[in-house]
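Worksheet: one structure, shown below.
The figures that follow rest on heavy atoms only: side chains count, while hydrogens, waters and symmetry mates do not.
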Amino acid sequence: MGTIEGNENNPATLKLVLAGKLAKTQYAVKIRGHNEEGQYLPYLALSSEDNIFVPNAAIWFILPPAEELSAKVREVLEMESTVLSPSLALLLGTNLKSEKVKSSVLSALQSLNSTLEGSQFLVQDAITVADVAVFSTLFPIFKAAKLLKEYLGSFPSISKYLNQLELLPEVKDSVAIVFHQKCNIGPVSYQVLFQSSKYLVPQIQSDPKTVNRVDSVEKESPKHEVETVSSEELEAAEKAWKKSPGSLPKLKTPNKVVLPKTGEKNVFITSALPYVNNVPHLGNIIGCVLSADVFARFSRLCNNNTLYICGTDEYGTATETKALEEGLSCQAICDKYFKIHQEIYQWFNISFDSFGRTSTPLQTELAQDLFLQLNHNGFMSTQAVDQLLCEKCNRYLADRFVEGGCPNVGCTYEDARGDQCDGCGKLVNAIELKNPRCKICGSTPKVKSSSQFFIDLPKLEPLLLHWVKNSSPGWSHNAEVIAKAWLKEGLKPRCITRDLHWGVPVPLDGFRNKVFYVWFDAPIGYMSISKAYTKEYEKWWRPAKDTEVKLYQFMAKDNVPFHAILFPAILLGANREYVTVSHIMATEYLNYEEGKFSKSRGIGVFGNDARDTKIPSDVWRFYLLYVRPEAQDASFSWNDLATKNNSELLNNLGNFINRALIFVKNNFNSTIPKLELTSEDYTLLALCTRELKGYIAALDKCKLRDGIRHILAISRHGNQYMQLNQPWVKIKQGEEGKLRGGTVVGVCANLSCLLATLLQPYLPETSEKLKAQLNCEYFVLNPENIEIINLLPTGHSIGEPQPLFTKIEPEVIEEYKKKFAGSQESRKTPPKEIVKPDLCNGDAETLEEAIAKQGLVVRKLKEGGFDKTVWAPEVAKLVALKARLAELTGVVPDKKSSSKKSNATTNNNVQKVANNMPAKSKKKPVNNSN
């Protein structure tokens, strides 16, 4: 099979030996004394000419993870190879005394400790190469008492993890091979690691003298195991480099109004319209507006005619519910939250061409027009519908006004809404809820019949089947699966009207007191917002026959049915040759730490929370896109946010760019020096051209996570190239050395210029800063001709270099973890005491009213997740009030009935507050409810 060669007492050797043992593969093992001469060690020899010299690439080859785990495993390996291993090699394997490096180690350990809390392994319930790499790197610390106390004393989950792994037979055997009895395990092991590493990548921002021998043991996947380029690639890289920057097409100056043009690529982008019932959280932002923004920015860099629109979804029960909660009119709620959404998206630098709203006359006009057209074409019908009527509130309870147990088999969620269950994610009919309750007053509603309009989806099914077959190849995998599952079950008529007041009125006699249901109304918002943007909006929605428009729609997976089935059904049924979506790009869910984001419950980090931190918006954008849940659910983690910022942005990308530009400033008077490239330089350009091709291919398919990894791979190549060539040494070796050193930093400055453009879709503010530092312009990304030319030729003057990123300290993360724990409600200042002490001396009527108000205070505190120390005193006040009332009336409260009736009293009070009515006392003997 091959041979594992390594030296004794080396954590990197342990990686290969342990991976071989776990893989049950018969690799020969040759262990040398670490002072013996020989190849750079350790490495995996597959044949006389085929060797893998990078340990993490080798262990991936030996013990590849399952495909569904590869992304997560790769993230751990990146952290281990770019932060943990090189930092420990520097810190413990040399005489370097650096608090910065030690802080990087502790930050990485904190992240690992959080990952291991409650878990036996780093990625799944069985060992992977992620565990092999981390265990091997930390093993010398674990076996040296002084180091164990200093580095792992605060991380019990890591210590437990290492202790458990050490007991495995494969680990025992591997340790015995690499660390024999005479080995001095501890700092010496890291000296060996430092001395034996071949690939050197800087991991900290400091003087080159302290970082010019830092290891890099990282490759992203087996395809990068051996970095070789073909003669054709070298020739193409050299030919491209020698082209003049003037040969590139210029970026279009954006028109005030963007319209499609015949013969050009016209890209129309929308993102799911967010409800205005709350502040958007990070899951909402990455699921729609941020993902769409990256693609829109990329499309503009490709010189496509690109229109990106979005807006707030303002009609429906979500708005009415929020209005009741806050005691405002529906319009006032929409105005308030539209402004909040707009400000948050501006802070995140979302580049809408138009950000509108649906509560406009244009929305009413277009929604009514489409309804009448569908009705005229025979795709509408009326049926009597059983609905829930709350007699106490005197209103029908549509979707979000009713809650209860989920009716879907296998789901036990007790707070499902009348339209969807957050527990299982499935759609729900309100009348099917178990033990339904009115959200306003808490009473049990009754079923009553009401006539409603239905869109006849079975009639449209043949059209939809044909359309999905042709359109779905351009969709994300989950969107295609969800749509085809709906079609496989068979479509049924879908109700499109509701007995509500806030919405677009149905324009037919006998139904004018009804409005359109939000799912029918909301997607039409794309059209009304387009019309608000330009009177020529139909050029996008009904283009000329010789003009092609591609419609991209971005959303989370719960919005797929509305965009893959229902909205296309409306457009196809209208028979007006409307543009339909060609690319549905749906994400899975982004979870928060160990739980779920929830707007309705206020769980997670919200847009205004992110804005109020000291963390720049570009860092938020980077991290959300780095963990974008494309193929499976992902999780937001504060520790991981810090780790990715410190390792990828600061130590990899930022360090590479800053070192190159500082070198040009200090040694060449801020001017690109004379460049004479060798085959080594063209090899670097060929490798980076591969990454550029990968970047463009990924973004063209909306694989945004992959795109950002190609950016980081370019800077990683640049870091390796700079470290191996050591320009700070070369410039001291006469004219020939200075020419070589100048060529190296000139090539690195050019890669930085390339990165300025590639970063623009992801980190727009950082990209602008880098553009200013380089004194350059963005260049056009041409998918038909992907190459790297000399963008900064000899004599080009750069601007003033400045660090692009700053470190996020562990104590800052701990502060934010505490600050944003629990729900939004629990983070607020507890409600002020509203029960005055002298109220206990009032009459029965006064006490009754005080009990109702105090019951509301107690309920809000408990539901808001406040600590017992906060709500216990308020409960005591409630008990005191009830005791005093019992004295006056002679009725002793019964605990069981008191508990039930207390909720009823509180709900009744909520109803009265919602109706803006003063609470009135009843003129009758007081019973146990008080």
Among Asp609, Leu624, Val627, exactly one meets side-chain contact (heavy atoms from CB on, under 4.5 Å) together with Leu282. Which residue is that?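 Checked Asp609, Leu624, Val627 against Leu282; only one passes side-chain contact (heavy atoms from CB on, under 4.5 Å): Leu624.
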Can you name the nearest heavy-atom pair linking [X] to [Y], along with the distance?
| X | Y | answer |
| --- | --- | --- |
| Ser87 | Val101 | O-CG1, 3.5 Å |
| Leu755 | Leu653 | CD1-CD1, 3.9 Å |
| Val579 | Pro543 | CG2-CD, 3.3 Å |
| Cys776 | Leu792 | CB-CD2, 4.1 Å |
| Tyr533 | Asp353 | CE1-O, 3.7 Å |
| Ala272 | Asn559 | CB-ND2, 3.7 Å |

Test ring pair (Phe, Tyr, Trp, His ring centres under 6.0 Å) applied to Phe348 - qualifying residues, sequence neighbours left out: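 Residues passing ring pair (Phe, Tyr, Trp, His ring centres under 6.0 Å) with Phe348: none at all.
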Are any of the side-chain heavy atoms of [X] and [Y] separated by less than 4.5 Å?
| X | Y | result |
| --- | --- | --- |
| Asp640 | Lys644 | yes |
| Ser617 | Glu765 | yes |
| Pro274 | Tyr345 | yes |
| Ile269 | Ile309 | no |

Charged N-O contact under 4.0 Å between [X] and [Y]:
| X | Y | value |
| --- | --- | --- |
| Glu630 | Arg705 | no |
| Lys242 | Glu238 | yes |
| Arg716 | Glu648 | yes |
| Glu787 | Lys243 | yes |
| Glu548 | Lys261 | no |
| Glu800 | Lys665 | yes |
| Glu680 | Arg740 | yes |
| Asp293 | Arg621 | yes |

Using the ring pair (Phe, Tyr, Trp, His ring centres under 6.0 Å) definition, which of the options Trp475, Tyr526, Phe554 pairs with His563?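 Answer after filtering Trp475, Tyr526, Phe554: Tyr526.
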Atom [atom1] of residue position [X] - does it have more than 12 heavy atoms of other residues, nucleotides or ligands inside 6.0 Å?
| X | atom1 | result |
| --- | --- | --- |
| Glu809 | CD | yes |
| Lys252 | NZ | yes |
| Lys557 | NZ | yes |
| Lys771 | NZ | yes |

Begin from the C-alpha positions of Gln723 and Arg659 and carry the test side chain to side chain donor-acceptor pair (under 3.5 Å) through to its verdict. CA-CA 11 Å; Gln723 281 300 133; Arg659 292 176 77 214; 3.0 Å; yes
Before giving the answer on side-chain contact (heavy atoms from CB on, under 4.5 Å), spell out for Leu781 and Tyr695 the whole-Å C-alpha distance, their side-chain angles and the decisive distance to 0.1 Å. CA-CA 10 Å; Leu781 298 176; Tyr695 169 93; 4.0 Å; yes
Taking the six-membered ring of Tyr762 (Phe, Tyr or Trp), confirm whether the NZ or CZ of Arg297 is under 6.0 Å from its centre and within 45° of its axis.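 Judged by the rule, Arg297 and Tyr762 form no cation-pi pair.
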Looking at Phe268, does the NZ or CZ of Lys550 lie under 6.0 angstrom from its six-membered ring centre and within 45 degrees of the ring axis?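 Relative to the ring axis of Phe268, which defines the angle, Lys550 lies outside at least one limit.
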In sequence, state the C-alpha distance, the side-chain angles, and the governing distance for Thr262 and Thr547, and then conclude on side chain to side chain donor-acceptor pair (under 3.5 Å). CA-CA 5 Å; Thr262 302; Thr547 304; 2.7 Å; yes
Apply side-chain contact (heavy atoms from CB on, under 4.5 Å) to residues Ile657 and Ser715 and explain how you reach the verdict. CA-CA 8 Å; Ile657 293 170; Ser715 61; over 6 Å; no
Give the C-alpha distance, both sets of side-chain angles, the deciding distance and a yes or no for salt bridge (Lys or Arg N to Asp or Glu O under 4.0 Å) between Arg690 and Glu233. CA-CA 9 Å; Arg690 283 185 190 173; Glu233 287 177 297; 2.8 Å; yes
Go through Ser354 and Tyr308 one step at a time and tell me if the side-chain contact (heavy atoms from CB on, under 4.5 Å) criterion holds. CA-CA 7 Å; Ser354 179; Tyr308 175 25; over 6 Å; no
In this structure, is the centre-to-centre distance between the rings of His583 and Tyr552 below 6.0 Å?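 Under 6.0 Å, so yes.
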Please find out if less than 6.0 Å separates the ring center of Phe656 from that of His717.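 Aromatic pair excluded; centres sit 6.0 Å or further apart.
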Is there a side chain to side chain donor-acceptor pair (under 3.5 Å) between Arg628 and Ser291 once you walk through the steps? CA-CA 9 Å; Arg628 183 174 184 256; Ser291 294; 2.8 Å; yes
What do the steps show when you test Glu676 against Lys674 for salt bridge (Lys or Arg N to Asp or Glu O under 4.0 Å), and what is the final call? CA-CA 7 Å; Glu676 287 191 6; Lys674 182 180 179 181; 3.3 Å; yes
Given side-chain contact (heavy atoms from CB on, under 4.5 Å), test Trp620 with Ile615 step by step and report yes or no. CA-CA 7 Å; Trp620 286 103; Ile615 301 172; 3.5 Å; yes
For Asn719 and Asn652, run side chain to side chain donor-acceptor pair (under 3.5 Å): C-alpha distance rounded to whole Å, both residues' side-chain angles, the deciding distance at 0.1 Å, then the answer. CA-CA 8 Å; Asn719 270 320; Asn652 175 10; 3.2 Å; yes
